[in-house]
Amino acid sequence: MARKKNANEMSFLDHLEELRWLLIRSTLAIVVASTVAFFFSDFIFDKIIFGPKDPNFITYRWFCEVSKFFGSTGEGFCDYKINFDVQSRVMSGQFNAHIWTSITAGFILAFPFILWECWKFISPALYDKEKKNAKLFLAVASFLFFLGVLFGYFIITPLSINFLAGYQVSTQIHNDIDLDSYISLIRSTTLSCGLVFELPIVMFFLSKLGLITPTFLRKYRKYAIVIILIIAAIVTPPDVVSQIIVTIPLLILYELSIFISGWVLKNKLKDEQSS
């Protein structure tokens, strides 16, 4: 099957030039989105950043109701109390927090555009049939990323704050959390979950390259389950319902990756037989 443009027609310097413009356009998109986020600091900090610190945060109320439904006491969430203060300990602490939070928000908002730029960069090496799936790729990858960000913010972040804020080695110690430490937890959790939810997309490309097969993923499924359970146990309070809620989406992602890898392999074999 012919390509519209052969990737070999581009020299190494041409590829570097394309990569340079990809980085420039992506950076500009992040800067523009970050600038917009900068002027909405009141909403971002009061409603989003410090939302999980509020005992009435929607996640705590939801976990409380779910725990009661399954017969658990749900004490960790139904009687959730804030026992730490957030403080800025350096002169530039709040300013730096404002800047880096705006950049993080800008990256999240600009992520679909960055994906589109990456797709345009690799598209010369793709078949015509694969290029037609550009909109589907952009929609699915963006959806998975935003879904991961929401999962990280509404599930992992509150669970982490609930556990860490309630962890105490001595009654003589009072938690005064640094602003940078608090925001770093939220930033790293949401972004990492957004990227983890891109696992099916990564598996798709790895399967296309022949580096991953569904047989390999099925063979090591039991190890993956153990790792997922360990992660869920670490980030959640000692409550079975909470651990299950965190575990299920990760298991679904892994099973979806197996399905995608099998689908890619099936299509590859079909193309080889027809050629």
Side-chain angles (χ1 to χ4, degrees), residues 22-64 77 80-118 138-139 141-167 174-198 235 246 249:
L22 180 155
L23 295 174
I24 291 175
R25 288 190 294 265
S26 298
T27 301
L28 287 175
I30 294 175
V31 169
V32 171
S34 300
T35 303
V36 174
F38 185 87
F39 292 101
F40 288 88
S41 59
D42 291 343
F43 173 78
I44 292 176
F45 278 88
D46 295 339
K47 301 298 183 181
I48 298 179
I49 297 298
F50 293 113
K53 190 176 177 296
D54 186 351
N56 294 317
F57 189 58
I58 184 173
T59 301
Y60 302 132
R61 290 188 276 113
W62 183 72
F63 268 90
C64 176
F77 298 102
Y80 178 64
K81 296 180 176 62
I82 302 297
N83 62 349
F84 71 94
D85 297 318
V86 178
Q87 297 185 359
S88 178
R89 302 175 185 273
V90 295
M91 288 294 292
S92 60
Q94 295 196 47
F95 177 75
N96 290 337
H98 192 180
I99 294 295
W100 284 108
T101 300
S102 299
I103 293 175
T104 302
F107 174 80
I108 293 174
L109 294 174
F111 189 77
F113 180 81
I114 297 173
L115 281 178
W116 175 250
E117 287 295 324
C118 292
L138 182 63
S142 298
F143 171 77
L144 289 175
F145 177 76
F146 289 127
L147 184 64
V149 168
L150 293 175
F151 179 77
Y153 176 73
F154 284 103
I155 304 297
I156 303 298
T157 295
L159 290 175
S160 300
I161 292 177
N162 180 274
F163 171 75
L164 295 174
Y167 190 85
H174 177 70
N175 288 330
D176 289 322
I177 308 301
D178 186 69
L179 177 63
D180 181 63
S181 175
Y182 178 82
I183 294 179
S184 294
L185 172 66
I186 298 177
R187 178 172 60 239
S188 60
T189 301
T190 53
L191 289 180
S192 60
C193 284
L195 296 177
V196 166
F197 270 59
E198 293 293 299
V235 302
V246 172

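For clarity, every value in this text was computed on a predicted model and none was experimentally measured.
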If every non-hydrogen atom of [X] is compared with every non-hydrogen atom of [Y], which pair is closest and at what distance?
X: Cys193; Y: Ile156; value: SG-CG1, 3.8 Å
X: Asp180; Y: Arg187; value: OD1-NH2, 4.5 Å
X: Phe151; Y: Pro249; value: CE1-CG, 3.5 Å
X: Gly93; Y: Leu179; value: O-CD2, 4.0 Å
X: Gly106; Y: Ser34; value: CA-OG, 3.5 Å

Counting C-beta onward and ignoring hydrogens, is there a side-chain heavy-atom pair between [X] and [Y] closer than 4.5 Å?
X: Leu191; Y: Phe107; answer: yes
X: Phe45; Y: Ile183; answer: yes
X: Pro112; Y: Phe146; answer: yes
X: Ile186; Y: Ile49; answer: yes
X: Ile161; Y: Tyr60; answer: yes

Any sub-3.5 Å donor-acceptor pair from [X]'s side-chain atoms to [Y]'s backbone N or O?
X: Ser142; Y: Ala139; result: no
X: Ser192; Y: Thr189; result: yes
X: Ser26; Y: Ile114; result: no
X: Ser188; Y: Leu185; result: yes
X: Thr157; Y: Gly152; result: yes

Just say parallel, tilted or perpendicular for the rings of Phe57 and Tyr153, cut-offs at 30° and 60°.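 Perpendicular: the ring planes of Phe57 and Tyr153 meet at over 60°.
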Please state whether the rings of Tyr182 and Phe50 are parallel, tilted or perpendicular, taking 30° and 60° as the class boundaries.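 Parallel: the ring planes of Tyr182 and Phe50 meet at under 30°.
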Flag yes if more than 12 heavy atoms outside Ile58 fall under 6.0 Å of its CD1 atom; otherwise flag no.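 Not buried by this count: 12 neighbours or fewer within 6.0 Å.
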